[in-house]
Amino acid sequence: MLINKSKILITGSSGKLGKACKKIMPQAQFSTRNEIDLQNLNSIKKYFKKNKVETIIHLAAITSIPFCEENKKKAYDINVNGTRNLIKEALNAEVKHFIYVSTACVFPGNNDNIMEDEDSIPYPKHFYGLTKLLAEEIVKSFNSDKMKTTVIRTNFTSMPWEYPKAFTDRYGTYLFAQGVAKGLKDVVIFKPNNPIIHICGSRKISMYEYAKAGGSDVLPINLSEYNGPPLTQNMCLTSKYWKLYKLEDSDYNDE
Ligand SMILES: NC(=O)c1ccc[n+]([C@@H]2O[C@H](COP(=O)([O-])OP(=O)(O)OC[C@H]3O[C@@H](n4cnc5c(N)ncnc54)[C@H](OP(=O)(O)O)[C@@H]3O)[C@@H](O)[C@H]2O)c1
């Protein structure tokens, strides 16, 4: 399918995934918070007045779990109301495909053996996960013949690993940010039918293995040595409706 790459808008351009998307989709439009502030409806209207957009990949959000817990109003205003502001104006601006990037954190991550697919029932453990789930529902409610919507759930972080240690008994089907960006490009091109798509790796690995695979020099730790707020144990996603990606193919040196 023919896509006009210069009519793709990616929000949250200064973030980890935004930077990776710049490498994979360099011709797209990338908005900063100065251009589109999700809390400022006028900035959104102004952007669409100035720029023709056909596809949006909405990344901008408050992503820190502790920050969301401590600043619930702000997190709600940006992640939930901000997404509503953006999608309403996208529809007015005749955007054809709205892609919303959500997270594996809509699931509780308690069960060691589970692989959550697109039909699994979400049940977030924290306020960040709740804001992302609420925004998912808003996005899905806008799906129509005029504007297609796709919710993406994924799990990644940027490398190098930001801590000295990584857990050997916390798991995910992680990708690197650039691998997620490649998956998003596939979604732009191939427009999945299912309203929710998981972009995830094909292999269940521990955080320790993930950090090592990202070239980080970390030490192992396990949950029995940890003393702090409750943590998720297993954030493995799988997909019924999309291909699974190989972590090895998603590193950041291949473009
Ligand atoms: N990182 C992960 O592990 C992970 C995993 C799964 C899904 N996700 C999802 O993927 C998306 C991107 O994550 P990320 O890790 O790249 O995020 P990030 O590094 O925390 O970056 C967040 C981006 O959102 C922007 N932003 C925040 N508040 C804004 C506002 N009011 N108006 C406009 N822009 C605003 C930030 O701009 P400033 O630089 O101006 O603050 C920044 O560009 C998020 O939706 C997140 O929920 C992340």
Side-chain angles (χ1 to χ4, degrees), residues 9-25 29-47 56-68 71 73-87 89-90 98-107 109 116 122 124 126-136 138-139 150-159 161-163 166 170 172-181 183-184 187 196-201 207 210-211 214 231-232 235-237 245 250 252:
L9 165 64
I10 303 179
T11 67
S13 61
S14 61
K16 293 183 276 298
L17 187 51
K19 284 181 190 152
C21 283
K22 271 186 188 163
K23 291 187 182 153
I24 303 297
M25 292 173 268
Q29 302 169 37
F30 289 88
S31 63
T32 63
R33 194 198 290 238
N34 281 340
E35 291 158 309
I36 289 185
D37 181 340
L38 295 167
Q39 292 180 283
N40 178 347
L41 197 55
N42 278 337
S43 72
I44 302 175
K45 285 180 192 282
K46 205 167 140 192
Y47 190 90
I56 295 185
I57 304 177
H58 177 36
L59 306 178
I62 300 288
T63 61
S64 157
I65 293 172
F67 185 90
C68 289
N71 301 272
K73 175 150 172 37
K74 187 157 192 189
Y76 194 92
D77 274 352
I78 294 175
N79 292 2
V80 183
N81 292 332
T83 299
R84 188 188 286 110
N85 289 340
L86 184 68
I87 198 166
E89 292 309 317
F98 190 100
I99 300 163
Y100 172 65
V101 177
S102 185
T103 169
C105 289
V106 297
F107 297 110
E116 307 282 13
H126 43 63
F127 197 72
Y128 165 67
L130 178 65
T131 63
K132 297 298 288 184
L133 179 61
L134 291 169
E136 283 189 5
I138 292 169
V139 169
T150 309
V151 167
I152 303 295
R153 298 192 189 121
T154 187
N155 205 357
F156 68 92
T157 191
S158 56
M159 293 293 165
W161 195 250
E162 58 180 308
Y163 308 102
R170 294 183 69 201
T173 45
Y174 308 104
L175 292 173
F176 298 121
Q178 205 156 300
V180 177
L184 289 171
V187 167
I196 304 176
I197 291 295
H198 288 182
I199 293 181
C200 53
M207 285 182 162
Y210 178 51
L231 295 173
T232 54
M235 298 307 281
C236 285
L237 298 175
Y245 294 84
S250 79
Y252 32 81

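Start at 1 and go down the list; that is how both ligands and their atoms are numbered. For the numbers below, each heavy atom of this structure counts, side chains included, while hydrogens, waters and symmetry mates do not.
Near K132, meaning under 4.0 Å from any of its heavy atoms, are these atoms of ligand 1: 44 (C), 45 (O), 46 (C), 47 (O). Annotation for ligand 1: atoms under 4.0 Å from non-hydrogen atoms of I78 are 28 (N), 31 (N). In the vicinity of D37, heavy-atom distances shorter than 4.0 Å reach the ligand 1 atoms 30 (C), 31 (N), 32 (N). Atom numbering of ligand 1 starts at 1 in the shown order; those under 4.0 Å from a heavy atom of T63 are 13 (O), 17 (O), 18 (P), 20 (O), 44 (C), 46 (C), 47 (O). Listed by atom number, the atoms of ligand 1 under 4.0 Å from I36 heavy atoms are 32 (N), 33 (C).
For atom 3 (O) of ligand 1, the closest heavy atom belonging to the protein is F156 O, 2.4 Å. Remark: minimum distance from atom 42 (C) of ligand 1 to any protein heavy atom is reached at S14 OG, 3.4 Å. Of the protein's heavy atoms, L17 N, 2.7 Å lies nearest to atom 16 (O) of ligand 1. Protein heavy atom at the shortest distance from atom 15 (O) of ligand 1 is K16 CE, 3.2 Å. The shortest contact between atom 47 (O) of ligand 1 and any protein heavy atom is with Y128 OH, 2.6 Å. Ranking the protein heavy atoms by distance from atom 28 (N) of ligand 1 puts R33 NH2, 3.2 Å first. In terms of protein heavy atoms, atom 44 (C) of ligand 1 is closest to L59 O, 3.0 Å. Protein heavy atom in closest approach to atom 6 (C) of ligand 1: T154 O, 3.2 Å.
With hydrogens and angles disregarded, a donor-acceptor distance shorter than 3.5 Å links the side chain of S13 to the backbone of S31. N71 places no side-chain N or O within donor-acceptor distance of the main-chain N or O of K74, the cut-off being under 3.5 Å. Side-chain atoms of T154 come within 3.5 Å of backbone N or O of I199 as a donor-acceptor pair. Between the N79 side chain and the A61 main chain, no donor and acceptor come within less than 3.5 Å of each other. At least one donor-acceptor pair closer than 3.5 Å links the side chain of T11 to the backbone N or O of A60. Side-chain atoms of T150 never come within 3.5 Å of backbone atoms of I99 as a donor-acceptor pair (strictly under, hydrogens ignored). Of the possible donor and acceptor atoms, one in the side chain of K132 sits under 3.5 Å from a partner among the backbone N and O of V101.
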- Task: Begin from the C-alpha positions of Q29 and Y47 and carry the test side chain to side chain donor-acceptor pair (under 3.5 Å) through to its verdict.
- Result: CA-CA 11 Å; Q29 302 169 37; Y47 190 90; 2.6 Å; yes
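Taking CG of L184 as the start and CD1 of I57 as the end, the distance is 5.0 Å to the nearest 0.5 Å.
By the criterion of a heavy-atom distance under 4.0 Å, neither the backbone nor the side chain of C105 is placed next to ligand 1.
Between L38 and ligand 1, an N or O atom pair is found at a separation short of 3.5 Å. Checking only distances, A60 never comes within under 3.5 Å of ligand 1, N or O to N or O. Of the polar atoms of T157, none of the N or O atoms is found under 3.5 Å from an N or O of ligand 1, judged by distance alone. In terms of polar-atom proximity, Q39 is not counted as a contact of ligand 1, lacking any N or O under 3.5 Å from an N or O of the ligand.
Using cut-offs of 30° and 60° on the angle between ring planes, the pair Y100 and H58 is tilted. Using cut-offs of 30° and 60° on the angle between ring planes, the pair F127 and Y76 is tilted.
Across G12, G15, A61, heavy-atom proximity to atom 21 (O) of ligand 1 is greatest for G15.
T157 is listed as a side-chain neighbour of Y210, based on a closest heavy-atom distance under 4.5 Å.
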